[in-house]
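Input: a single structure, listed below in C-alpha cells.
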Amino acid sequence: MRIDVITVLPKLFDGPFSDSILKRAQEKHLVEIYLHNLRDYSNEKHKNVDDYQYGGGAGMVLRIEPIAACIEKLTSERSYDEIIYMTPDGKLLEQNLSNHLSTFQNLIILCGHYKGVDERVRELYITQEISIGSFVLSGGELAAAVLVDSVIRLIPGVLGNETSALTDSYQDGLLAPPVYTRPPEFKGLRVPEVLIKGNFKEIDAWREEEAIKRTQERRPDLFD
Ligand code: ADE
C-alpha cells in the first residue's frame with residue numbers, strides 16, 4: 001500500500017511513523033508513506049497556503065490552489081482508490097472502515113488546518129471525509145496518524161502474528177476479553193483458573209463469554 005499525506009505540518013508525523021509497527025511495516029516494504037508539505041506547492045512569495053475567509057469571521061482557510069497542485073501532481077502519476085479529507089464533520093472512523101481501507105493500494109490523506117479547507121476542495125477532489133471522533137483537534141494531522149495506524153496494522157504481514165488483529169476489539173462486533181500475564185497472583189488478585197489450566201476449548205468459551213459480558217457493560221450499542 002502507498003499512502004500520500006498532504007499537510008502543513010509534516011514534522012508532526014515524525015514520531016508516530018518512525019517507531020514500532022508503522023516503522024516495521026515500512027521497513028518490510030508492506031507500506032510506503034510519503035509526506036507532502038503543502039507549502040512546497042504554494043506559488044506565493046512567502047509560501048503562504050492560507051487566507052482570510054470570504055464573508056469575514058475568525059480563522060484562516062487553506063487555499064485551493066496549493067492543494068489542487070499537490071493532488072493533481074499525485075493523481076497524474078498513479079490512480080488513487082480514495083482521496084480522504086480528515087475533518088470533524090466527516091464519517092466517524094470505525095473498525096469496518098479501517099478494514100475496508102486496508103484492502104486498497106493507493107490512498108491520499110489531506111489534513112485540514114485552521115478553519116479547514118476551501119469547500120471547493122471537498123467538492124472537486126475528496127472522495128471520503130473521515131472524523132476520528134466528536135471533538136475538534138487543532139488540525140487533521142493527529143487524526144491522520146490515528147487513521148494510518150488503524151489501517152496499516154490490518155495489512156497482511158504487518159503484525160507478527162497474523163491472527164492478532166482478528167482478535168482485536170470490534171473485529172467481531174465485540175470488545176476484546178481481558179488478558180493476563182505473569183505473575184499468577186498480584187496483591188491477592190489471581191489470574192482466572194481457566195487460563196492457567198490450559199484447556200483450549202474451555203479458554204475459547206471463557207473468552208467469548210467475557211467479551212460478551214464486557215460489551216454488554218461498556219458498549220451495549222454494539223449489539224443494536
Ligand atoms: N480535524 C480536527 N478535528 C478532527 C477530528 N475529530 N477528526 C478528524 N479530523 C479532524
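Residues: numbered from 1 along the sequence shown. In listed order, ligands and their atoms are each counted from 1.
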Is the shortest distance from a Lys or Arg side-chain nitrogen in [X] or [Y] to a carboxylate oxygen in the other one below 4.0 Å?
X: Arg153; Y: Asp168; answer: yes
X: Glu193; Y: Arg190; answer: yes
X: Glu210; Y: Arg207; answer: no
X: Asp224; Y: Arg219; answer: no

Do Glu82 and Tyr80 pair up side chain to side chain, a donor and an acceptor below 3.5 Å, judged on atom types alone? no
Donor-acceptor side-chain pairing of Glu129 and Thr87 below 3.5 angstrom: no
For [atom], what is the nearest protein heavy atom, given as residue, atom name and distance?
atom: atom 9 (N) of ligand 1; value: Thr87 N, 3.2 Å
atom: atom 7 (N) of ligand 1; value: Ile132 N, 3.0 Å
atom: atom 6 (N) of ligand 1; value: Phe135 O, 2.8 Å
atom: atom 10 (C) of ligand 1; value: Pro88 CD, 3.6 Å
atom: atom 3 (N) of ligand 1; value: Leu137 N, 3.0 Å

Report the part of Ala143 in contact with ligand 1, treating N, CA, C, O as backbone and CB onward as side chain, heavy atoms under 4.0 Å; options are side chain, backbone, both, neither. side chain
Could you tell me whether ligand 1 has any atom less than 4.0 Å away from a heavy atom of Leu93? no
Using heavy atoms and a 4.0 Å limit, tell me yes or no: is Cys111 in contact with ligand 1? no
Atoms of ligand 1 close to Gly139 [distance to a heavy atom under 4.0 angstrom, numbered from 1]: 1 (N), 2 (C)
Near Ile130, which atoms of ligand 1 are under 4.0 Å from a heavy atom of that residue? 8 (C)
Take Val158 and Val31 through the test side-chain contact (heavy atoms from CB on, under 4.5 Å) and record every step on the way to the result. CA-CA 9 Å; Val158 167; Val31 65; 5.9 Å; no
Taking side chain as C-beta onward, heavy atoms only, is Ile155 less than 4.5 Å from Met1? yes
Is the closest N or O pair between Gly133 and ligand 1 shorter than 3.5 Å? yes
